[in-house]
Each structure stands twice: as C-alpha cells, then as structure tokens.
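Here the structure is laid out as structure tokens; the discussion comes afterwards.
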Amino acid sequence: MKQTLCYKPLAIFHLMNLSILFSLLKFGVFYLLSEYDLCSDSMNSDRECFCLFQELIAALLVCSFFCLFPATNRGAKHLQAINFDNLFTCLYESHDISQENKIKCIVHYFEKICSCMPGGNVSFERKVLPLTNSPSHISSPKANFWSKSSVSLCHFEVHSSGLIEDQPAEALEVDFANKYIGGGALFRGCVQEEIRFMINPELIVGMLFLPAMADNESIEIIGTQRFCDYTGYASSFCFSGDYKDVKGVDSMGRRKTRIIAIDALSRVGKRQYTPECLLRETNKAFCGFYDQSSRQQYENLFVDTEFSEAEFDEGNGNPLESSTRNLLTYFQSVNETSSNQPMRVNEQKWDDDKVGIATGNWGCGAFGGDPEVKAIIQWLAASQALRPFILYYTFGLESSRKLDKVVQWIISQKWNVGELWEMLVEYSRQKLKQQTKLTFFEWLLPSLYDDDPMIMDTSFT
C-alpha cells in the first residue's frame, strides 16, 4: 500500500504535457552545462541579487525533480539538498498524508506551467547588516543604540484569524525560516516555511544557490507566484486545489509578493532573555525589515555606541513607573470611548511605496521562543526600519490573545522604540534572575489578568 501511495503523484505526472516538460528539462540541462555558475558559486556577498525569469526557474525545478543536480560538497558550501529524491523517499519509508500533499502541490505546479508558462521575473537578495562600520551599508546596531532610539512605534494591527500569505495590503511577508532557507521543504518538514515553499514552489530554486544565513543576514525574495490552495497545518496539511494569483506586477516584471526569510534562534530556553539573544533577535528582524533604499533616513537615526552589561542592568530611562500611574486612566478612557481603536489597514490608503510587515509568531512553536517577547521584538524592528505598519497574525495562539489590548495600551503611552526596548530589557533581566514568573504581558499590565481590573499587582515593578 505504501508503494502505491508513494507513486500516486507520479501517475498524475504522466498526464501532463510531456513535450513541454521535456523541453523544460532540455532547457534546464543546457543551462546547467553553460551557466553553472549559478549552481556552483553560492550567493554570499554583502548585497548580491539574482533575478531569474520564471521559465528558467521552471526548468531548474524540473532538473530538481529528476535529481540531476550534483549532491557532493553542497554541505561543505552550507547549501541545502536541492534534488527531490528525499521528498519521495520520506513518503516511501513512512507514509504521511501531509507528505503526499506536498508532492501534490509540486505536481500541480508542473501541470500549471505546462498549460501556461508564466513570463515574469523573481529576484533573490541576501541582505546583510555588516558587523563593522561601512560607508555604503547600515551596520548592525549595538544594544545601547536600541535603548536610545527616539523613533516612534509604527501602527500594529492584530489578526486572530487569517494567514500571512493572504494579507490584503502592500506588505513584506515574513518566512519563519530555518537558517538553511527552505528548512525541511524537500524532507519531512510541513510547518510555516515548508508550506510556503509548497504553495509558491518557485521559492524552492533559492535552495540551489543560497547558503545558510549568518546572524546578521536575511534573504528577500520578490516575485514568486502562488499556484496552490491548501488547508491544515503540519500533519493536517492538505492540498486543496488551484490558486489564482492576482497580485500586481512591478516595474521589474515581478509579482508584488515580497517574502523575507529570517531565522530565529532555536531551542534556547531561558537564554533567550539574555542581552546577547535579545540583541541578536532584534537585529535579525531589523536586517529583514529595513529597506536599503531608505539608507539616508537611517543614517540620521543611527548612532555608533558601545554596549555594556552595566547599562543593560541599569535600564536607564525605564518608563515603568509612569506606566503604572497611567494604567487606570487608560482603562477608563477605553471604556468611555472607542476613538482609541486603531484604523484597520484595509481601511487606510497607504502609499504604494510604503510597504509594511505581515508576520506572526516568528521563532515560537518548535523553535521554543516566547511569543510575547517575539511580538515586541518584531514591533521594535519594524518601527526602527521605518515601516508604516505591522499586520500580526496570531494563528489563534492562546498566549497571544491579549496582544491587541497590550498594543493599544502601549500606543496610548506614546512610547518610542527606546522606551519599549528598555521595558523588554528590564523584564528579561528579572526573568533571568527569577524575580518574576509572569509572562511579559502579565508583568507589563497585570490588571489585564486580574479578576478585578482595578486591582494591580506591582510586586515586581
């Protein structure tokens, strides 16, 4: 039975236009023989960008399907496996419905391009925050920079339902990435990143030439087309048919689907609250969110400062006392008027060049990150990157159910990036010293979790 199920996608594959398929295969092999630099020389310079047309991507993916790429030395070059053999082997060894449905997505992609070859372009860019000062790039910020930032917090909109890939605005869509882009897409993986690579299969070709990301790197991919619809997640993932991608096209012939891959720290436990990890995660998100074309604006914001543990412990400029004093006033105003409710993004008229961020519980789940801390980190990074808004999808996560109220309260305090950073630093310091067992939101706004909203626990403030 396993063997029958394993080869079921190949039976579907036989129904496709074989003349077109083998034309693509011939094209792909010709390209590999004449232009192998793309495959053999990984993309690892500070700001290198490849732009490939969709027909070439299709040809390369056909080569992957037939396992034509050399597999030797890819690990030594910090590159993922690119051939599809493991995808089928995993299904054969231990049949999994989600694995079969991943293959159905790939087969559907080939069916679609055989019937109508898309003619656009897709760009792949490695974004780097240099660890040392550079005249042409924004360098990686020190912790003291974040504490001194006076940049205003951007608009933050919470969605308890919906998916990042379905966001309605002009937004950079976050891929909760493995440091090896694609993660387990061609293996057993079937969570956020792997699903995105299945419904937008053109993303897979990036695994061919994009080596692992360092702590100060991210990868931006613009222009991939979505071909598949789906339901479920992880073991319940299921291909549910064709998807008609109606995204517009930019001046470079790329669909206006902007995906940013950023990899969070994995399974760090309590270490995620250390100064080093807080800084790493915030800078990683900032690396993904900042726009190099806005470099002149950033130059006016960045200050090259050093960081010391003493400054971290002191928490200079901590707005905690004022937050406690203003808490009761805030809840009274919310009860009396609805004017403080933020306008929904789909009700606003954003300028075409103002691209926001669509994200969610990045680095949580299997990676073990604190979802409340990760939400604040992404807000800080997006604000510092001068993004106009964040659309935050909680995927129904219970620990994020208070996020909207916390965001509204923080906005009502008119805090800037530096002030919110200091709050996060102080909470993390107390968490490390076991001075609090509360979550960040409970610690920041204890009355949200009390039976009586007029009673506040300030034992840790």
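All values derive from a computational prediction rather than experimental measurement.
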Between the side chain of [X] and the main-chain N/O of [Y], is any donor-acceptor distance below 3.5 Å?
{"X": "R74", "Y": "L208", "answer": "yes"}
{"X": "S149", "Y": "F145", "answer": "no"}
{"X": "N416", "Y": "E419", "answer": "yes"}

If you define the side chain from C-beta out and look only at heavy atoms, does anything of [X] sit under 4.5 Å from [Y]?
{"X": "T359", "Y": "W379", "value": "no"}
{"X": "M198", "Y": "I106", "value": "yes"}
{"X": "K431", "Y": "F440", "value": "no"}
{"X": "C287", "Y": "N216", "value": "no"}
{"X": "I204", "Y": "I82", "value": "yes"}
{"X": "L424", "Y": "L380", "value": "yes"}
{"X": "D291", "Y": "R387", "value": "yes"}
{"X": "P211", "Y": "L79", "value": "yes"}

Do you know which two heavy atoms are closest between [X] and [Y], and how far apart they sit?
{"X": "S98", "Y": "C190", "result": "CB-SG, 4.0 Å"}
{"X": "N83", "Y": "C63", "result": "OD1-O, 4.2 Å"}
{"X": "C51", "Y": "N121", "result": "SG-CB, 3.7 Å"}
{"X": "A382", "Y": "I357", "result": "CB-CG1, 4.0 Å"}
{"X": "Q167", "Y": "A358", "result": "CG-CB, 3.7 Å"}
{"X": "D166", "Y": "R226", "result": "OD1-NH1, 2.9 Å"}

Problem set entry | The single option from Y243, Y109, F239 passing ring-ring contact (aromatic ring centres under 6.0 Å, His included) against F227 | Y109

Counterpart residues, salt bridge (charged side-chain N to carboxylate O under 4.0 Å, His left out), relative to [X] (two or more places apart):
{"X": "D85", "value": "none"}
{"X": "R254", "value": "D250"}
{"X": "D245", "value": "R255"}

For this session: Please assess Y230 against N101 for the test side-chain contact (heavy atoms from CB on, under 4.5 Å), listing each intermediate value before the final yes or no.
Result: CA-CA 9 Å; Y230 75 97; N101 279 276; over 6 Å; no

Exercise. Does the side-chain contact (heavy atoms from CB on, under 4.5 Å) test come out yes or no for E220 and L172, once each step is laid out?
Worked result: CA-CA 9 Å; E220 182 171 299; L172 194 61; 3.8 Å; yes

Would you give the length of the straight line joining atom [atom1] of [X] to atom [atom2] of [Y], rounded to the nearest 0.5 angstrom?
{"X": "Q192", "Y": "C364", "atom1": "CD", "atom2": "SG", "value": "11.5 Å"}
{"X": "E125", "Y": "S218", "atom1": "CD", "atom2": "OG", "value": "8.0 Å"}
{"X": "D175", "Y": "E165", "atom1": "CG", "atom2": "CD", "value": "11.0 Å"}
{"X": "I222", "Y": "I260", "atom1": "CD1", "atom2": "CD1", "value": "8.5 Å"}
{"X": "I410", "Y": "I376", "atom1": "CD1", "atom2": "CD1", "value": "4.5 Å"}
{"X": "S150", "Y": "K148", "atom1": "OG", "atom2": "NZ", "value": "12.0 Å"}

Exercise. Which residues pass the ring pair (Phe, Tyr, Trp, His ring centres under 6.0 Å) test with F197, sequence neighbours left out?
Worked result: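 Not a single residue meets the ring pair (Phe, Tyr, Trp, His ring centres under 6.0 Å) criterion with F197.
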
For this session: Assess the side chains of T89 and N86: does a donor N or O sit below 3.5 Å from an acceptor N or O?
Result: no

For this session: Could you list all the salt bridge (charged side-chain N to carboxylate O under 4.0 Å, His left out) pairs where at least one residue sits in residues 181-208, not counting sequence neighbours?
Result: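 Applying salt bridge (charged side-chain N to carboxylate O under 4.0 Å, His left out) to every pair that reaches into residues 181-208, excluding sequence neighbours, yields E93-R188, E173-R196.
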
Exercise. When the ring planes of Y392 and F156 are compared, do they come out parallel, tilted or perpendicular, using 30° and 60° as the limits?
Worked result: parallel

Between [X] and [Y], is the ring centroid distance below 6.0 Å?
{"X": "W415", "Y": "W409", "answer": "yes"}
{"X": "F124", "Y": "F209", "answer": "yes"}
{"X": "Y427", "Y": "F441", "answer": "no"}

Under 3.5 Å, which donor-acceptor pairs do the side chains of residues 277-285 form with other protein atoms, sequence neighbours left out?
residue : atom : partner : partner atom : Å
R280    : NE   : D215    : OD1          : 3.2
R280    : NH1  : D263    : O            : 2.7
R280    : NH2  : D215    : OD1          : 3.1
R280    : NH2  : D263    : O            : 3.3
R280    : NH2  : D263    : OD2          : 3.1
E281    : OE1  : L265    : N            : 3.3
E281    : OE2  : L265    : N            : 3.2
E281    : OE2  : K374    : NZ           : 3.1
T282    : OG1  : L278    : O            : 2.7
N283    : OD1  : W146    : NE1          : 2.9
N283    : ND2  : S140    : OG           : 3.2
N283    : ND2  : P141    : O            : 2.9
K284    : NZ   : A214    : O            : 2.8
K284    : NZ   : E217    : O            : 2.5
K284    : NZ   : D263    : OD1          : 2.6

Problem set entry | Lys NZ or Arg CZ of K102 over F237 ring: under 6.0 Å, within 45° |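 Because its charged atom misses either the 6.0 Å distance or the 45° angle limit, K102 does not stack over F237.
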
For this session: Determine, step by step, whether E426 and W443 satisfy the side-chain contact (heavy atoms from CB on, under 4.5 Å) criterion, reporting the C-alpha distance in whole Å, the side-chain angles of both residues, the deciding distance to 0.1 Å, and the verdict.
Result: CA-CA 10 Å; E426 175 60 21; W443 177 85; 3.8 Å; yes

Problem set entry | Steps toward side chain to side chain donor-acceptor pair (under 3.5 Å) verdict (D370, Y273) | CA-CA 9 Å; D370 182 327; Y273 303 108; 2.7 Å; yes

For this session: Test I181 against Q80 for side-chain contact (heavy atoms from CB on, under 4.5 Å), laying out the working first.
Result: CA-CA 8 Å; I181 191 166; Q80 282 261 55; 5.7 Å; no

